[in-house]
Amino acid sequence: MPDRYSQIVNAPVISTVVRQLGLPQPVDLDRYQPGTPVVAGPVLSGAAPGARLERPLKALLDDIGAERAGAEGNAKALVFDASGIADSTELIELQRFFYPAVPRLRRNSRVIVLGTTPALAGSARAHTAQRALEGFTRSLAKEIGGKGATAQLVYVEPGAEDQLDSTLRFLLSPRSAYVDGQVVRIAKGVAPTPEIDWDLPLAGKTALVTGASRGIGAAIAATLARDGAKVVGLDVPRAEADLRAVVESLGGEALPLDITAADAPEQIAAHFKDGVDIVVHNAGVTRDRTIAKMPEDRWTQLMEINLSSEERIDDALLDSEALNENGRIVCVSSMSGIAGNSGQTNYAASKAGVIGMVESLAPELAQRAITINAVAPGFIETQMTAAMPIGPREAGRRLSSLSQGGLPVDVAETIAWFASPGSTGVNGNVVRVCGQSLLGA
């Protein structure tokens with residue numbers, strides 16, 4: 001459904017009145033188009049004393065051909081290396097860099113703060129100072145959201161300095177248009193980083209996408225295929241016609257199957273006898289009612305689809321060694337799993353369980369050279385949200401720093417970043433794709 005509010009408040013004449021009244025005035029977000037540069041404008045970078053990420057940051061900016069911002073003029077991106085801040089008194093370096101720089105930001109710009117994983121910072125005071133970066137970055141994201149700009153914090157553990165490329169390419173680019181106010185944690189890679197064609201980073205990879213017949217699932221399938229993957233789309237048999245229309249147009253194949261069937265995990269593992277590189281657990285349903293009106297079958301059916309089947313599929317793929325080395329498991333959680341939602345005790349429990357699955361499996365899978373991460377979408381413009389009453393729908397759109405809903409492709413782009421063979425140091429993360437929703441953590 002078109003966002004009529006955004007169209008109206010950005011119309012000539014009306015836009016002036018809207019600004020005077022202080023109403024939200026969403027900016028049209030730039031989104032990635034093949035062939036466009038990572039950053040379409042000048043990048044201003046800086047570092048606190050003792051920073052350790054300047055060299056890999058410079059190498060990345062050189063590699064992507066980024067224009068460097070001068071002492072004056074606008075900037076499309078700001079990147080500040082705060083990894084060396086080891087005491088609260090040194091946090092003044094944030095003010096010294098951002099005070100003159102933020103007013104220079106263009107629309108749809110990017111801000112990235114680089115830090116050291118607090119628990120590995122080396123002392124209690126360093127831990128304290130590095131943890132302070134989260135409050136700073138989340139607040140800055142809210143201050144610049146009116147420009148369609150985003151801000152993120154990337155913690156890099158010592159020894160993982162060579163793992164920055166994939167994450168910075170994503171966060172600096174229009175691919176991350178609806179990711180805002182997030183904290184990403186980068187560790188040492190679970191496998192050596194291979195040579196990557198950044199135009200087709202998934203070339204030669206096979207990806208399984210569940211729930212691929214429409215909406216977010218169809219966008220995920222299209223985005224992974226765009227990046228070079230062969231996509232196997234899975235959905236329930238009654239959606240087979242739509243499923244085939246989606247995946248066959250991408251040169252992929254359809255796997256009509258009910259993931260809750262007793263033999264589904266074994267069928268999936270057998271289908272990938274030659275191996276699979278990327279598994280995206282996207283299939284999910286809602287069965288909303290308050291807990292006082294929630295019969296057991298309604299609870300169980302949802303939990304089977306949204307969580308228990310994913311556990312069994314992962315077990316089958318891992319037990320059969322069908323998931324290849326440097327493989328990826330990416331799960332779709334939800335803001336409801338983080339913040340909760342009235343009438344969604346079952347759904348929120350399942351999506352919080354997905355987060356728990358990521359947290360618990362990440363260390364184990366790292367030993368097998370596999371990563372697992374999750375996205376947690378907020379308000380995404382789909383058939384489901386279009387059917388919502390106008391009040392909740394408008395609230396969902398406006399209650400974020402970007403004052404608008406996201407698109408299915410925003411979720412898909414985030415999953416493609418997790419799926420990249422260059423994201424070997426990105427493991428155990430849950431990233432919200434919500435425009436920095438004011439709900440939740």
Side-chain angles (χ1 to χ4, degrees), residues 134 138 152 178-185 209-211 215-217 219-220 259-260 279-291 294 298-314 328-363 365 371-382 384-385 388 392-393 395-397 399-401 405-408 410-415 417-418 426-441:
E134 293 194 32
R138 293 188 197 276
Q152 328 288 350
Y178 204 59
V179 176
D180 194 15
Q182 296 303 287
V183 178
V184 176
R185 291 170 173 81
V209 180
T210 68
I216 292 174
I220 295 167
I259 57 175
T260 66
V279 177
V280 182
H281 290 300
N282 168 70
V285 297
T286 56
R287 296 286 185 268
D288 294 355
R289 281 188 188 176
T290 61
I291 190 64
M294 180 78 66
R298 197 176 189 89
W299 177 283
T300 301
Q301 183 187 46
L302 177 141
M303 204 64 62
E304 279 289 305
I305 296 170
N306 290 9
L307 182 58
S308 300
S309 63
E310 295 183 9
E311 295 176 300
R312 292 192 290 266
I313 290 168
D314 288 345
R328 303 283 183 264
I329 299 174
V330 187
C331 306
V332 178
S333 181
S334 169
M335 284 296 295
S336 290
I338 296 172
N341 201 10
S342 177
Q344 289 195 322
T345 53
N346 54 352
Y347 182 76
S350 72
K351 293 303 185 178
V354 166
I355 295 172
M357 183 169 66
V358 168
E359 293 172 344
S360 62
L361 286 181
L365 293 179
T371 68
I372 182 169
N373 297 279
V375 296
F379 187 97
I380 304 296
E381 302 283 357
T382 62
M384 182 179 71
T385 55
M388 293 171 62
R393 185 171 65 242
R397 285 170 170 160
L399 291 177
S400 73
S401 295
L407 301 179
D410 298 322
V411 180
E413 293 284 16
T414 309
I415 288 172
W417 157 55
F418 281 144
V426 183
N427 189 27
N429 284 264
V430 178
V431 170
R432 293 182 293 146
V433 186
C434 64
Q436 199 183 26
S437 172
L438 303 185
L439 304 175

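Heads up: numbering here begins at 1 and tracks the sequence. Since this is a predicted model, take the numbers as computed values, not measurements.
A donor-acceptor pair is defined here as one N or O able to donate and one able to accept, closer than 3.5 Å; such a pair exists between the side chain of Asn306 and the backbone of Val285. With hydrogens and angles disregarded, a donor-acceptor distance shorter than 3.5 Å links the side chain of Thr414 to the backbone of Asp410. The backbone N or O of Gly428 lies less than 3.5 Å from no partner atom in the side chain of Arg185, so there is not a single donor-acceptor pair. Asn346 places a side-chain N or O within donor-acceptor distance of the main-chain N or O of Arg287, the cut-off being under 3.5 Å.
Annotation for Ala349 and Met303: closest pair CB-CE, 4.2 Å, computed over non-hydrogen atoms. For the residue pair Gln182 and Arg432, the shortest heavy atom distance occurs at OE1-N, 2.8 Å. Asn282 and Gly211 get closest at one heavy-atom pair: ND2-O, 3.0 Å. Nearest heavy atom pair, residue Ser400 against residue Cys434, reads CB-O, 3.7 Å. Looking at every heavy atom in both residues, Ser309 comes nearest to Ile259 through OG-CD1, 3.3 Å. Nearest heavy-atom pair, Asn427 versus Thr371, reported as atom, atom and distance to 0.1 Å: OD1-CA, 3.3 Å.
A search for side-chain contact (heavy atoms from CB on, under 4.5 Å) contacts involving Ser336 returns Ser334, Asn341, Gln344, Tyr347, Ala348, not counting sequence neighbours. For Ser333, the side-chain contact (heavy atoms from CB on, under 4.5 Å) partners two or more places apart in sequence, or in a different chain, are Lys351, Val354, Ile355, Ala376. By the salt bridge (Lys or Arg N to Asp or Glu O under 4.0 Å) test, Glu311 is found to be paired with no residue, residues two or more places apart in sequence or in another chain being considered.
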Side chain to side chain contact (heavy atoms under 4.5 Å, CB included) between Val330 and Val279, intermediate numbers included | CA-CA 6 Å; Val330 187; Val279 177; over 6 Å; no

Check step by step if side chain to side chain contact (heavy atoms under 4.5 Å, CB included) holds for Trp299 and Ile291.
-> CA-CA 9 Å; Trp299 177 283; Ile291 190 64; 4.1 Å; yes

